[in-house]
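Shown next, in structure tokens, is the structure this report addresses.
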There are 2 protein chains.
Amino acid sequence: MSELHWQSALYQLRSQIISGELLGGTKLRASHLAEEMGLSRTPIGEALIKLEGEGLLIRDKSGFTVRSFALEEVFDAIDLRGLLEGAAVQKAAQKGVCESDLGKLREMLLQFDSIIDQANVSEYDPLNLEFHLFLTSLSESEILIAEVQRSYRLPFAGPSSFPTQQSDSERFKASLMLGQQHHGQVVSAIANREGSRAFALMCEHARLAHQNVYAAIEARERSPQLALVKNAG
Amino acid sequence: MSELHWQSALYQLRSQIISGELLGGTKLRASHLAEEMGLSRTPIGEALIKLEGEGLLIRDKSGFTVRSFALEEVFDAIDLRGLLEGAAVQKAAQKGVCESDLGKLREMLLQFDSIIDQANVSEYDPLNLEFHLFLTSLSESEILIAEVQRSYRLPFAGPSSFPTQQSDSERFKASLMLGQQHHGQVVSAIANREGSRAFALMCEHARLAHQNVYAAIEARERSPQLALVKNAG
DNA sequence: TTTAATATTTCTGTATGCAAAATGACAGAA
DNA sequence: TTCTGTCATTTTGCATACAGAAATATTAAA
């Protein structure tokens, strides 16, 4: 566990930003944060630099500011994730995937089925993340894998970062089932070596997340996560 | 210019890595670099963290190591750039570009023509970079713009990072002309609002860079830049 | 009152000190 | 030889000190 201090500061700050606990536009003062977290400014500074690299902070001539995202930018981030995941599965499909990996994919599909059947929401997100990461890894491209994971850190872009507990649970379940439909089609596209089909499917799959963002806004659930979205009222 | 110290360390180190002056696998010791550059370890550390974020360094439990790239990864990086630039021009084409921006694009095409005509190589790279950046900016997506620029920092992935002064100058000129052909087609695709055509063209355009890498290897020019590519002999 | 100039406080950027961890060398055992 | 455990050296991670820049408060003038 011997977690480095800057890492814990990084996780803490990142989750505070993405969750909307730290509002867009907030100026982050290293000395203040240091005192607050019981550390010195050095590891805090390291975390801030990394968050700047992730695009969550902006560094003006003096200090870091929490970035706020226009709604359009949230969609751009989601599309970016789809584009990168799409490129990954396209590459996987083109180069072909061994039978044991295909088996693992199909097994995960079955797990999805049973989770959705039982409306077992709490188990969905971790499995979904694992599935997306595994799909990406099949590209066997370090660079693509890294970029995909990077895109997950943009607000709302991660495959499991949409506000759960949607008010309209009927609609929610329908969205899950459509997603599951996509999952199955992508696996078949990979198995059939249909690269461009796999690409298109992943792009479209990511766009499901647009719906979730809209749903959250329309329902005015005012999920605190939406606090970092400009003009989202 | 009051350049911050960590920035100059960043530029210096990055160019040393990409140029191959610092070989892949080299361990970077902050204390040593600090003494070498006449600074303390703090700004050096900041530069190292940023380079890690750019994917040029790997951080193991103690210290940073220069990453070496397999040839396959260099191609992946080039393709990634094409993918991102492609997404940017697709977006630009779909949303439409105002006449004055189209005019600027066409004017740049003319400049390319005269540069290629006169084989004025030294002016080509800056104009090419400007052209690619301007194309990307037309997407008006902060996130895409940032990611495209990020991809430029990967080895050989930048639009102007291929080894100039190719031995076979005939072939070199032919490659420039093909690139210019692409440029013109992309501009027309944008003007005609043909998004997917623009996307495909940018992907293909990036692939020209594959040829340049191959040419450099085959000609065994042993451009020092190739030193960070594993098994490139 | 509003505005301009100035003083004060706060914070960042950088340097450096220190403890703990990692690396490497070397001696001895298998 | 090869492996292993100890010790010395190096280097990192974090804390802290300090100068200078930025932000803020304060005062003076219009």
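Below, chains carry the letters A, B, ... as their sequence lines are ordered, and counting in each starts from 1.
Contact record, A:E3 with A:S8: OE1-CB, 3.7 Å, taken as the closest heavy-atom pair. Here the closest heavy-atom approach between residue A:E73 and residue B:I143 is recorded as O-CD1, 3.3 Å.
If you measure from atom NZ of A:K50 to atom C1' of D:dG13, you get 13 Å, rounded to the nearest angstrom. Distance CZ (B:F64) to C1' (D:dG13): 11 Å, rounded to an integer number of Å. Between the CE atom of A:M37 and the C1' atom of D:dC14 there is a distance of 15 Å, given to the nearest Å. For the pair B:I49 CD1 and C:dG13 P, the interatomic distance rounds to 13 Å; values are reported in whole Å. Rounding to whole angstrom units, CD of residue B:E46 and C1' of C:dA15 are separated by 14 Å. The interatomic distance linking A:L4 (CG) with D:dC14 (C1') rounds to 10 Å, in whole Å. For the pair A:E35 CD and D:dA15 P, the interatomic distance rounds to 13 Å; values are reported in whole Å. The nearest whole Å value for the distance from the CG atom in A:L48 to the C1' atom in C:dG13 is 14 Å.
Heavy atoms of other residues, nucleotides or ligands lying less than 6.0 angstrom from CD of A:Q16 number more than 12.
Each of B:Q7 and B:D60 was assigned the nucleotide of DNA chain C with the nearest heavy atom; the assignment lying further toward the 5' end belongs to B:Q7. If A:R29 and B:S62 are placed on DNA chain C by their nearest nucleotide, the residue sitting closer to the 5' end is A:R29. The nearest heavy atom of DNA chain D to A:H5 and to A:R41 marks one nucleotide each, and the one closer to the 5' end goes with A:H5.
Residue-level contact check: B:A30 touches the backbone only, with heavy atoms under 4.0 Å from sugar-phosphate atoms and none from bases. A:L28 comes within contact range of the sugar-phosphate backbone alone, with a heavy-atom separation under 4.0 Å but no base atom that close. Within 4.0 Å of B:H32, counting heavy atoms only, lies no atom of the nucleic acid at all.
Checking the phosphate oxygens (OP1, OP2) of C:dT12, a side-chain nitrogen or oxygen of A:S31 falls inside 4.0 Å. A close approach under 4.0 Å does occur between a side-chain nitrogen or oxygen of A:S40 and OP1 or OP2 of D:dA15. In this model, the phosphate group of C:dG13 is approached by a side-chain N or O of A:R59 to a distance below 4.0 Å at OP1 or OP2.
Between A:L48 and A:L28, some side-chain heavy-atom pair lies under the 4.5 Å cut-off. Proximity of B:F199 to A:L83: side-chain heavy atoms (C-beta onward) are separated by under 4.5 Å at one or more points.
The side chain of B:K27 has C:dT23 as its nearest neighbour among C:dC11, D:dA22, C:dT23.
In this structure A:S141 satisfies the side-chain hydrogen bond (donor to acceptor under 3.5 Å, both in side chains) test together with B:D76, sequence neighbours excluded.
For A:F69 and A:F75, the distance between ring centers is not under 6.0 angstrom.
When each of A:F134, A:F112, A:Y124 is checked for a ring pair (Phe, Tyr, Trp, His ring centres under 6.0 Å) with A:H183, only A:F112 meets the rule.
Judged by atom type and distance alone, A:T42 reaches the base of D:dA15 through a side-chain donor-acceptor pair under 3.5 Å.
Taking a pair as Watson-Crick or G-U wobble with both distances under 3.5 Å, the runs of three or more consecutive pairs in DNA chain D are C:1-30 with D:1-30.
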